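Here's the structure, in structure tokens; my notes come after.
Because the structure is a prediction, the values reported are computed rather than measured. Computation of the quantities below employed the complete heavy-atom set of this structure, encompassing side-chain atoms and omitting hydrogens, waters and symmetry-equivalent molecules. Residues: numbered from 1 along the sequence shown.
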Amino acid sequence: MTKILVTGAGSLLGQGIIRSLRLGPRRHIIAVDPSPDLALGCHWADCAHAVPMADSDDYIDAISETIDHERPDIVMIGSDAELPILAANRDMLEAEFGTRILVSSLAVVCVADDKWLTYEWMKARGFNPPHTMTPEADKQKVLDYRTIIKPRVGGRSRGVYERPAYSFGPTADDCVIQEYIDGPEYTAGAIYFEGQEPATIVMRRDLRDGNTYRAYVEEFPELNAKVREWTLALKPHGPCNFQFRVDGNGEPRCFEINARFSGTTPFRALAGFNEVEMCIDYLMHGTPIRQPVVKPMTILRYWNEMVVCK
């Protein structure tokens, strides 16, 4: 039986990976988290282990010990904080333990992790992202359009606020000022491995507290074509997530990249695009990446409860 280790099992992302695994063939799931007793995904797994936070000096030693003990076939990453350190140590971990660390190169992770670097990367390739500035540049201009202030590094709309045209306000040095695109918002999943054609899926979405709580799945052929362009230019190793809006001219304007699975991974699995299983099939059996036919549908997210102690 294939053994899959999922990090960050208490996060929405980690939970989503495990839920997608449970939709496929039977797998032996190993969950790790800094607080396994309180991490929901750890209670869905076959076994669980505690590891320190990713910024701890002991993190690599602890994750190495867990991989050595469990010998998973594949490690899937369920938190943003673990991406850079596991990308930097991927070759070492794979060589030492014979496992596969499903993470993109450090260069790709860094571009996706920093919204200023994302903007520069998209602009340099002619992809027309929303115009973005640093706080220093913002002080020198009077803008006649609405903007969004957001941290350079972060997600789920934390620290994000809208600013009207012609207005100014204090911004932290680690923020970017980004053109507000007044149009429908989309989230896209892509799978790419070197030598393979990418597979993609696009969903229109409604947000609540920075997370997708309603998603609308359609074929969106033109938008999928654009997502494939972005994917082929970025060349992730495995999963990647693009978030964008479509402006009044019908052009997709990408404002965020996540070089990983995303919170809508289980949504996509329900629509027939189980990217977790596609990655497993490729890594374990060399199954070529094929574009699935997605099922048009509306998906609603809801809260649920689980008792773990008395």
Practice problem: For side-chain contact (heavy atoms from CB on, under 4.5 Å), just list the numbers for Q178 and M133, CA-CA rounded to whole Å, side-chain angles, deciding distance to a tenth of an Å, and then say yes or no. | Solution: CA-CA 6 Å; Q178 194 169 79; M133 296 182 297; over 6 Å; no

Any donor-acceptor pair under 3.5 Å from [X] side chain to [Y] backbone:
| X | Y | answer |
| --- | --- | --- |
| R71 | D68 | yes |
| K3 | E70 | yes |
| N249 | E251 | no |
| R301 | T212 | yes |
| T132 | P130 | yes |
| T66 | A62 | yes |
| T7 | G78 | yes |
| S56 | P52 | no |
| S20 | A269 | no |
| N89 | M92 | no |

Exercise. List the steps, then state whether side-chain hydrogen bond (donor to acceptor under 3.5 Å, both in side chains) holds for T187 with Q243.
Key: CA-CA 5 Å; T187 180; Q243 297 175 18; 4.8 Å; no

Rounded to the nearest 0.5 Å, what's the gap from [atom1] on [X] to [atom2] on [Y]? Could you check?
| X | Y | atom1 | atom2 | value |
| --- | --- | --- | --- | --- |
| Y192 | T231 | OH | OG1 | 9.5 Å |
| L117 | C110 | CG | SG | 7.5 Å |
| E197 | R228 | CD | CZ | 9.0 Å |
| E256 | F244 | CD | CZ | 13.0 Å |
| L106 | L86 | CG | CG | 11.0 Å |
| D73 | I30 | CG | CD1 | 8.5 Å |

May I ask whether [X] and [Y] are part of the same hydrophobic cluster, defined by side-chain heavy atoms of I, L, V, M, F, W, Y residues being less than 4.5 angstrom apart, directly or through others?
| X | Y | answer |
| --- | --- | --- |
| I74 | L83 | no |
| L40 | I77 | no |
| I67 | I4 | no |
| F267 | V276 | yes |
| M306 | L21 | yes |

Practice problem: Could you tell me if the ring centre of F220 sits under 6.0 Å from that of Y186? | Solution: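 So the answer is yes for these two rings.
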
Practice problem: Enumerate the residue pairs fulfilling salt bridge (Lys or Arg N to Asp or Glu O under 4.0 Å) with a member in residues 177-187, sequence neighbours excluded, ordered by first and then second residue. | Solution: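 Qualifying pairs: E179-R253, E185-R205, E185-R245.
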
Is there side-chain contact between [X] and [Y], with heavy atoms separated by less than 4.5 Å?
| X | Y | result |
| --- | --- | --- |
| M203 | T264 | yes |
| F255 | Y119 | no |
| Y213 | L207 | no |
| C279 | I191 | yes |
| Y180 | T147 | no |
| L234 | C240 | yes |
| V103 | M76 | no |
| L270 | L23 | yes |

Quiz item: Within a radius of less than 6.0 Å around CE of M53, do more than 12 heavy atoms belonging to other residues, nucleotides or ligands occur?
Solution: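 12 or below, so no.
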
Quiz item: More than 12 foreign heavy atoms under 6.0 Å from CD of Q196: is that the case here?
Solution: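 For Q196, atom CD is crowded (more than 12 foreign heavy atoms under 6.0 Å).
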
Mind listing the closest non-hydrogen atom pair of [X] and [Y] along with its distance?
| X | Y | result |
| --- | --- | --- |
| M278 | A199 | CE-CB, 3.7 Å |
| G263 | L13 | N-CD1, 4.3 Å |
| P266 | R19 | CG-NH1, 4.1 Å |
| A190 | V227 | CB-CG1, 4.4 Å |
| L223 | P252 | CD2-CG, 3.6 Å |
| I18 | G41 | CD1-O, 3.4 Å |

Quiz item: So, T200 and N224: side-chain donor and acceptor under 3.5 Å apart, yes or no?
Solution: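 Note: T200 and N224 side chains meet the donor-acceptor criterion.
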
Quiz item: Could you go step by step and tell me if E65 and V51 meet the side-chain contact (heavy atoms from CB on, under 4.5 Å) rule?
Solution: CA-CA 10 Å; E65 183 178 338; V51 295; over 6 Å; no

Exercise. Give the intermediate values and the outcome of side-chain contact (heavy atoms from CB on, under 4.5 Å) for residues F261 and L102.
Key: CA-CA 10 Å; F261 296 116; L102 188 58; 3.7 Å; yes

Quiz item: Are D174 and R152 within salt-bridge range, i.e. N to O under 4.0 Å?
Solution: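 No.
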
Quiz prompt | Note: R26-D46 ion pair, threshold 4.0 Å (strictly below) | solution =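 A salt bridge links R26 with D46.
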
Quiz item: Which ring-ring contact (aromatic ring centres under 6.0 Å, His included) pairs, counting each pair once, include a residue from residues 14-58, with sequence neighbours left out?
Solution: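 The answer is H49-H69.
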
Quiz prompt | Within residues 85-115 or reaching into it, pairs that qualify as ring-ring contact (aromatic ring centres under 6.0 Å, His included) - sequence neighbours excluded | solution =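 The answer is none; no pair qualifies.
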
Practice problem: Please test Y59 against E82 for side-chain hydrogen bond (donor to acceptor under 3.5 Å, both in side chains), starting from the C-alpha separation and ending with a verdict. | Solution: CA-CA 9 Å; Y59 175 80; E82 292 168 297; 2.7 Å; yes

Self-check item: Non-neighbouring partners of E229 that pass salt bridge (Lys or Arg N to Asp or Glu O under 4.0 Å), sequence neighbours left out
Solution: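 If we apply the salt bridge (Lys or Arg N to Asp or Glu O under 4.0 Å) test to E229, skipping adjacent residues, the hits are K226.
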
Self-check item: Summary of side chain to side chain donor-acceptor pair (under 3.5 Å) pairs that have at least one residue in residues 98-113, sequence neighbours excluded
Solution: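 Qualifying pairs, neighbours excluded: none.
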
Quiz item: What pairs of residues pass the side chain to side chain donor-acceptor pair (under 3.5 Å) test when at least one of them lies in residues 270-291, not counting sequence neighbours?
Solution: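 Sorted result for residues 270-291: R27-E277, R268-E275.
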
Quiz item: What's the verdict on side-chain contact (heavy atoms from CB on, under 4.5 Å) for R260 and D80, showing C-alpha distance, side-chain angles and the deciding distance?
Solution: CA-CA 8 Å; R260 52 165 171 76; D80 289 308; 2.4 Å; yes

